[in-house]
Amino acid sequence: CVFSQLAKHLRNPGEVHWTVAVRVLRYLRGTSSKGITYTRRASNGNVMEGFVDADSRRSIGGNVFMIYGGAVLWKAKQQNCIAHSSAEGEFMAAS
């Protein structure tokens, strides 16, 4: 994430860090009208949906949980264990 990379240089930012920070601020200004939308669907009401995926080649797993079609919780992380199958990788991403 760009924000975490910029945060590492808060004490002594260089010119390249200021350039990236300005680019991030321009992006945020240009996307201020965007956001997560929530819509009521009669078919599933207020059911929480969860999705999990893993990329075993890069040892990255993640998940997202949604209510009314909008994300309320999400996570992606580097897995610190080696999965021996795609099913095992999916299980580790869910946990």
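The chain is numbered in sequence order, starting from 1.
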Side chain to side chain contact (heavy atoms under 4.5 Å, CB included) against Thr31, all qualifying residues, sequence neighbours excluded:
Tyr27, Lys34

Donor-acceptor pairs are to be reported for all side-chain atoms of residues 11-18 against protein atoms at under 3.5 Å, with residues two or more places apart or in another chain.
from, atom 1, to, atom 2, distance (Å)
His17, ND1, Gly14, N, 2.7

Which distance, rounded to the nearest 0.5 Å, do you find between the CG of Asp53 and the CG of Asn63?
10.5 Å

Under the side chain to side chain contact (heavy atoms under 4.5 Å, CB included) rule, collect the residues that match up with Arg26, sequence neighbours excluded.
Val22, Arg29

Report the residues that fulfil side chain to side chain contact (heavy atoms under 4.5 Å, CB included) with Phe51, sequence neighbours left out, ordered by chain and then residue number.
Glu49, Val64, Met66

By side chain to side chain contact (heavy atoms under 4.5 Å, CB included), Val20 pairs with (sequence neighbours left out) Val2, Leu6, Val24

